Structure formats: structure tokens, C-alpha cells
Number of protein chains: 2
Amino acid sequence: MSKKATIYDIAKELKITAATVSRALNNNPKISKKTRELVHATAAKMNYKQNKLALALKSGKSKNVGVVVPFINKNFFASVIRGIEDELYPKGFHVIISQTHEDVDREKKIIQNLINAQVDGILISTSFTNENKEQLNQELKKSTPFIFFDRVLNFDGTSTVTIDDYQGGFDATEHLIYQGCKRIAHFYVDQNIELYNNRLNGYKDALLKHRIAYHSDYIISLTSDMEAGKEAAEKLMKLPVPPDAIFSSTDNGLLGAVKYLQSISVKIPEDFCVVGFSNEPFTQFLEPSISSVDQSPMEMGKMAAKVFLKQIENDESGIDENVVLPAKLIIRKSSSKQ
Amino acid sequence: MSKKATIYDIAKELKITAATVSRALNNNPKISKKTRELVHATAAKMNYKQNKLALALKSGKSKNVGVVVPFINKNFFASVIRGIEDELYPKGFHVIISQTHEDVDREKKIIQNLINAQVDGILISTSFTNENKEQLNQELKKSTPFIFFDRVLNFDGTSTVTIDDYQGGFDATEHLIYQGCKRIAHFYVDQNIELYNNRLNGYKDALLKHRIAYHSDYIISLTSDMEAGKEAAEKLMKLPVPPDAIFSSTDNGLLGAVKYLQSISVKIPEDFCVVGFSNEPFTQFLEPSISSVDQSPMEMGKMAAKVFLKQIENDESGIDENVVLPAKLIIRKSSSKQ
DNA sequence: TTGTACGCGTTATCAT
DNA sequence: ATGATAACGCGTACAA
């Protein structure tokens with residue numbers, strides 16, 4: 001493997017200085033057309049590539065942004081990242097991805113690493129909760145711009161991009177009410193993450209608006225996996241008065257519930273309606289197809305990227321923008337009685 | 001936002017030189033315990049972070065690897081990336097992700113960019129075909145190690161990690177034969193990508209082994225989306241002698257076919273068996289669940305990362321390793337007659 | 001044990 | 001229009 005050519009190598013070859021080469025390559029108008037062309041030609045011949053590390057060191061801008069998510073191989077996060085990439089790549093930025101596995105210690109290390117790597121900003125869906133967020137506080141006060149998306153923390157002076165989880169919860173629940181459901185259960189994800197509380201509050205307020213009593217028996221806490229949903233549904237159906245609908249904060253959990261209900265011959269949507277959250281790809285292929293609240297992950301990624309770009313333009317200001325994207329209820333068979 | 005502290009700032013604070021600070025921070029044994037502790041304490045107090053850019057520029061190693069895939073929000077690629085991340089992160093590497101959108105011009109630019117960014121290596125699932133691979137040849141000869149995975153190109157001196165697509169195609173087809181299927185169609189993806197040809201060849205050889213005639217009418221070329229699969233199935237079922245099974249190189253295409261078959265009341269697996277490829281998550285949740293060939297994406301990612309690590313250890317050698325992982329046929333209801 | 005001086009590759013500032 | 005030099009932050013060979 002040959003050493004990479006530098007502007008010095010080109011300079012030596014042409015018996016000029018590196019400064020001139022640099023200017024020629026950057027199309028500085030003060031350079032004569034002749035040398036400019038000569039330099040470009042020689043650069044191509046020597047297979048010269050600009051060393052962005054040196055540029056970054058000099059300019060103080062790495063043109064890299066860090067993206068931190070719990071897992072990358074979940075459709076939601078992968079799509080958010082795609083949105084970020086699509087928005088930032090044309091502006092010359094690279095995206096450095098890290099996954100925390102929902103481990104806050106690991107998340108701290110990752111953030112440290114990214115800052116060490118001189119990223120120009122960090123776009124993050126955090127695994128920290130409001131209880132332990134103080135551990136992050138220190139980092140945030142420092143020099144790297146932070147943008148939170150989806151799983152956010154409310155710090156002063158940091159921007160956030162979320163969807164309207166409250167509205168999503170409200171719309172989903174109200175939709176079930178309009179379908180004639182009287183006893184609507186809710187799958188809650190107990191991670192002390194704000195967005196799940198928002199969805200729960202939307203659910204509660206929809207009940208309230210329609211004067212339907214709130215029963216704590218109908219609220220089941222679970223993790224967002226299929227097995228937990230199965231157990232939750234079993235528990236619900238063994239209540240003295242079982243529910244006739246579920247609004248779930250997680251599609252995966254709901255999937256388990258649907259499989260269980262089908263196994264005991266409960267007819268969906270005739271006898272029982274369900275609505276999930278996230279609009280995971282599988283929801284549209286199942287029989288019956290599952291209604292779900294879409295989170296527009298691509299748009300969220302693009303928006304987070306835009307907020308980041310705006311933030312680094314305004315430089316020292318530390319603007320505090322809180323973008324809330326709409327939550328879109330997608331109605332499918334699982335909650336369509338007529 | 002405050003400027004970041006450097007070793008010079010620490011040196012000034014302590015009235016020593018930057019060199020001493022550097023040595024102390026790196027726990028150089030020649031530094032007295034006293035100053036070492038003092039330096040560490042001051043560094044912490046001043047919130048010092050090592051600038052990896054400077055380190056990278058000096059050492060010539062960025063500790064970044066580029067990962068290039070067609071799309072990131074497809075389960076297969078997201079999972080491969082997760083495998084790469086999980087393997088490389090503990091070794092101090094960062095992963096820079098880029099997606100080509102299957103655009104070879106964009107792919108060339110991305111590679112250029114990554115090389116400019118001084119990545120220590122590039123792990124890539126390419127959108128180039130053997131026909132136009134010469135455009136990449138030039139890059140590969142240069143200083144950055146390339147590892148191809150899944151969609152590979154066969155260059156001398158570059159390593160590849162794939163699954164055994166031929167075996168996957170063979171096993172899937174033979175399995176259908178064992179189920180009693182006599183007229184097995186095949187969905188082929190016509191992108192001139194080697195792995196699709198390998199799957200087709202596995203299919204052909206399985207037919208050959210069991211003395212079943214090959215009919216070109218039963219080979220349908222399509223893109224890997226649902227709509228194309230639907231049309232393909234329609235076409236097949238209108239043949240004078242329609243098939244009684246499909247082995248599809250793409251789960252998404254197969255999904256469309258299944259939906260179509262169900263719409264015309266063809267019973268799966270009783271009247272018609274299907275097997276897909278990729279083991280997309282939705283295959284296990286559908287009714288009936290869909291048999292598919294698993295590509296072990298996490299393992300592929302880990303293996304690609306390992307090959308990369310081995311390659312940079314052996315430095316100048318340019319080893320040419322070709323790892324082939326097993327393809328695992330997952331049998332589900334869609335091809336289980338008994 | 002610590003200080004001095006240099007280089008990594010680039011661009012910007014000041015000369016010429 | 002071009003050259004010379006400094007600077008970005010770090011590690012290290014050489015000196016002391």
C-alpha cells in the first residue's frame with residue numbers, strides 16, 4: 001500500500017510551494033489559470049486526496065455528527081437515522097452511529113468518545129430518564145451541541161424533536177371509543193420515559209372527555225416485547241369484566257396480545273379492537289392488519305438534522321427549539337368494526 | 001460555549017510543559033507519581049478531553065471505519081451494522097455509516113469521502129456489479145483496506161464475507177421437493193448481483209438432483225418489493241400449467257405473492273408452498289408463517305469486523321480472506337404440508 | 001524526571 | 001500571482 005500523496009508532494013513535483021498548491025486546489029481566484037490547471041492535473045495523476053483530518057484539526061470542525069440510539073436494528077431508529085443521513089450528507093457531514101443497548105453507563109462513555117472525536121454535534125435518543133439525567137448535565141454544558149429526539153430530556157438550552165405522543169394516545173383512544181368500545185385497556189411501558197407517560201395521559205383524557213371511567217385494572221405495565229404482551233392479554237381476559245379493546249404503547253407488545261386473543265378465538269375487530277403505536281412494518285401485513293400510530297421516523301430524523309444545522313449556524317447562541325411533529329393514527333382492520 | 005481545554009492549558013496552569021502533561025495523561029512510568037496525579041486532577045477539573053483528531057493526524061489512524069450499504073432501514077443491513085458496531089466498538093473504533101440508495105455514482109462519492117476522512121477501513125455491501133466494477137478498482141488498489149460483505153465483488157487481494165447463497169437456494173428448493181411439490185417457480189431478482197445468481201443456481205441444481213425439469217416459464221424476474229411479487233404471482237397462476245410452489249429470492253416479493261394467492265383462495269401450504277429468503281421479521285408473524293432462509297446478519301457483521309481487524313494487524317500484507325457463513329433454512333407453516 | 005523541538009497535512013496571514 | 005511561516009493539538013525522540 002502506497003503512502004498517500006500530500007500537497008507537499010505535489011508542490012515538490014511542480015517546484016512550487018504547498019501554499020500555492022492548496023490555493024490552486026481550492027480554486028482561489030488569485031492563482032493563475034495555468035498553475036491551477038497544472039496543479040489539478042498533477043493532483044489527479046498522483047491520486048491526491050485531501051486529508052480531512054488535517055482540515056478538521058485546523059478548522060476545529062470535523063464535519064461529523066454523532067447519532068446515539070438504543071438500538072440500530074429497530075425499524076424506527078433505522079428510519080430516523082436514514083432521515084438524518086439524507087439531510088446531512090448533502091451538506092458534507094458524516095454520521096457516526098452508536099448504540100447504547102439502553103445502558104446508561106455505556107451511553108455516557110459513547111458521548112465521551114464522540115466528544116473526543118470532535119463531532120460537531122450529537123443527535124440522541126437517550127436512555128436516561130428524568131431521574132438520572134443529572135449525570136448528563138455536565139456534558140451538555142460543554143462545547144458540543146446536543147439535539148434530543150423521541151426520547152428526550154428537558155434541559156434548558158437544548159433542542160428537542162418529538163412527535164405529539166399525547167395527541168397520539170388521545171386520538172387512538174378516541175377512535176376506539178367511536179368504534180363503540182366501552183372498556184379500553186392500555187399497555188403502558190414502564191421505563192420512566194416521558195413519552196410513555198404522554199401517551200398514557202392522552203388515553204386518560206380521551207376517556208375523560210367521553211365520560212368513561214378509568215380503571216387501573218386495565219392498565220398493564222410491560223416491556224416492549226411480544227411475550228410480555230401475550231401475558232398481559234391473558235391477565236386482562238381473566239378479569240371479572242374483561243376489556244373489549246386495547247390501546248398499546250408498543251406494537252410488539254400488542255402483537256403478542258393479538259396472537260393470544262386469536263388463540264382463544266376472540267374475533268378482531270368484531271369482538272375486540274386494538275390499536276398500537278409505532279406503525280411497525282409488520283402491522284400492515286398481519287391478518288387482520290393492525291391500526292397503529294405512525295411516528296414519521298424519516299421526518300423526525302430530517303427535522304433533528306435541520307435543527308442541528310440551524311443551531312451550528314447561530315453558533316454561540318445555544319438556541320432552544322422544541323419541535324413537535326404530528327402523530328398520525330393509521331386506521332386498519334383491527335379497529336374497524338363497520 | 002467555552003473553548004475546549006488542551007494539554008497546553010493544563011501545562012500553563014501547572015507551570016510545566018505540555019510534553020509532561022501528555023506523558024502524565026498517558027501514564028508514562030517516567031513521570032513522578034506526584035505530577036501525574038496533579039495533572040490528572042487538573043485535567044479533570046478543567047474538563048479536558050483528548051482531541052482524537054490531533055492524535056489521528058499524528059498517528060495516521062483515525063480509529064473510524066466506514067460502513068457502506070444500500071439502505072440502512074432494512075432489517076438485514078441494520079442488523080449487519082449492529083454486528084459490526086458490537087464487534088468494533090469495544091476495540092475503540094467508531095462506525096461511520098453511509099447509504100448509497102443503490103446509486104453507483106453516489107457510492108463512488110461516498111467512498112471518496114470516507115477515504116478523505118481517513119477511515120482505517122471500509123466495510124461495504126456494494127451496489128456495483130461485476131460489469132461496472134472496474135470503476136472501483138482504482139480505489140481498491142490504494143491505501144484503504146476494503147472488506148466486502150453480502151453483495152461482494154471479486155477483486156484479488158480483497159476479503160469478502162457472504163453467506164452460502166447457493167446452498168440456501170438448494171436447501172430451500174429441495175425442501176419444497178420433499179414436501180411433494182412438483183412444479184416449483186422461482187422469483188429471481190434481476191440486478192446482475194452475484195448472490196441472486198447463486199441462489200438461482202442452487203435452485204437449478206436441486207431440481208437437477210431430483211430429476212425435475214427446469215422450465216424457464218417458472219422463473220420470474222422482479223424487484224424486491226411487494227407489488228412486483230403480486231404481479232409475478234398473477235402471471236404464474238395464469239400459465240396453462242401453474243406451479244404449486246415458489247422459492248423466492250426476496251421475502252418482500254414473496255409477501256405480495258402470498259397476499260395475491262390468498263385473495264384468490266389458494267390454500268397455503270395445503271395447495272401451494274412457499275419459501276422466501278432473508279428471514280425478515282414479518283415472516284414469522286404472518287398467517288401462515290413463512291419459511292425463509294436466514295442470513296445471520298449479526299454474525300455476518302461480526303465476521304466482517306473480525307476480518308477487518310485481522311487485516312489491519314497484518315498491515316501491508318493485503319490478505320485475501322473469503323468467509324462463507326452457512327445459510328439456515330427456517331421451516332415454518334408456509335411449506336409444511338404434514 | 002522533565003524540557004525542547006519537531007512533524008502529522010492543511011489553510012490563513014503576511015510578505016514579496 | 002506566489003512564497004514563507006505560523007497554527008490547529010498531540011506524542012515522541014533527543015537533550016538535559
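Residue numbering restarts at 1 for every chain, and letters A, B, ... go by the order of the sequence lines. Keep in mind that what you see is a predicted model, and the values were worked out from it rather than measured.
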### Task
Respond yes when some side-chain nitrogen or oxygen of A:Tyr8 is under 4.0 Å from OP1 or OP2 of C:dT11, and no when none is.
no
### Message
Between B:Glu102 and B:Arg151, does any NZ, NE, NH1 or NH2 come within less than 4.0 Å of an OD or OE carboxylate oxygen?
### Response
yes
### Message
Distance check needed: D:dG3 C1' versus A:Lys15 NZ, whole Å only.
### Response
16 Å
#### Entry: Nucleotide C:dT13, atom P - distance to CG of A:Asn28 in whole Å
12 Å
### Message
Using a 3.5 Å distance criterion without hydrogens, assess whether the side chain of A:Thr158 forms a donor-acceptor pair with backbone atoms of A:Phe155.
### Response
yes
### Query
Would you say C:dG3 has OP1 or OP2 under 4.0 Å from some side-chain N or O of B:Thr20?
yes
### Query
Of the nucleotides D:dG11, C:dT11, C:dT2, which one has an atom closest to the side chain of B:Lys58?
D:dG11
### Query
Donor-acceptor pair, B:Asp86 side chain versus B:Gly83 backbone, under 3.5 Å?
no
### Gap between atoms CG and P, on A:Asp9 and C:dC8 respectively (whole Å)
10 Å
### Message
Tell me if the side-chain of A:Arg36 makes a donor-acceptor pair with the base of D:dT2, cut-off 3.5 Å, by modelled atom types.
### Response
no
### Summary
note: B:Lys52, atom NZ; C:dC8, atom C1'; distance rounded to Å ~ 18 Å
### Task
Determine, for B:Lys306 against B:Glu299, whether the closest basic-nitrogen to carboxylate-oxygen distance falls under 4.0 angstrom.
no
### Query
Roughly how many Å is it from CD1 in B:Ile16 to P in D:dG11, rounded to a whole number?
14 Å
### Task
State which of C:dT2, D:dT2, C:dT11 makes the closest approach to the side chain of B:Lys30.
C:dT2
### Task
For the pair A:Tyr48 and A:Asp9, evaluate side-chain hydrogen bond (donor to acceptor under 3.5 Å, both in side chains) and give the outcome as yes or no after the intermediate values.
CA-CA 9 Å; A:Tyr48 166 80; A:Asp9 300 323; over 6 Å; no
### Query
Can you check the B:Lys61 NZ to D:dG9 P distance for me, whole Å?
24 Å
### Query
Any side-chain N or O of B:Thr35 under 4.0 Å from OP1/OP2 of C:dT2?
yes
### Query
Reckon A:Ser22 has a side-chain N or O less than 4.0 Å from the OP1 or OP2 of C:dT10?
no
### Task
Establish, with yes or no, whether the OP1 or OP2 oxygen of D:dC10 is under 4.0 angstrom from a side-chain nitrogen or oxygen of B:Ser59.
no
### Query
Under 4.0 Å between a side-chain N or O of B:Thr6 and OP1 or OP2 of D:dG9?
no
### Task
Respond yes when some side-chain nitrogen or oxygen of B:Asn51 is under 4.0 Å from OP1 or OP2 of D:dC8, and no when none is.
no
### Task
Hey, which sits more toward the 5' end of DNA chain C by its nearest nucleotide, B:Ala54 or B:Ala18?
B:Ala18
### Message
The test is side chain to side chain contact (heavy atoms under 4.5 Å, CB included); show your working for A:Ile115 and A:Ile122 and say whether it passes.
### Response
CA-CA 8 Å; A:Ile115 292 176; A:Ile122 294 179; 4.1 Å; yes
### Query
Closest nucleotide of DNA chain D for B:Leu25 versus for A:Ala19: which of these residues is on the 5' side?
A:Ala19
#### Entry: First encountered from the 5' end of DNA chain D, between B:Arg23 and B:Tyr48
B:Tyr48
### Message
Please tell me if A:Gln50 has a side-chain N or O lying less than 4.0 Å from either OP1 or OP2 of C:dT11.
### Response
yes
### Message
From CG of A:Leu53 over to P of D:dC10, roughly how many Å is that when rounded to an integer?
### Response
14 Å
### Query
If you look at every strand shown and take non-hydrogen atoms under 4.0 Å, does B:Leu55 touch a base, only sugar-phosphate, or nothing?
sugar-phosphate
### Summary
Here the distance between atom P of C:dG9 and atom CD of B:Gln118, to the nearest Å, is 8 Å
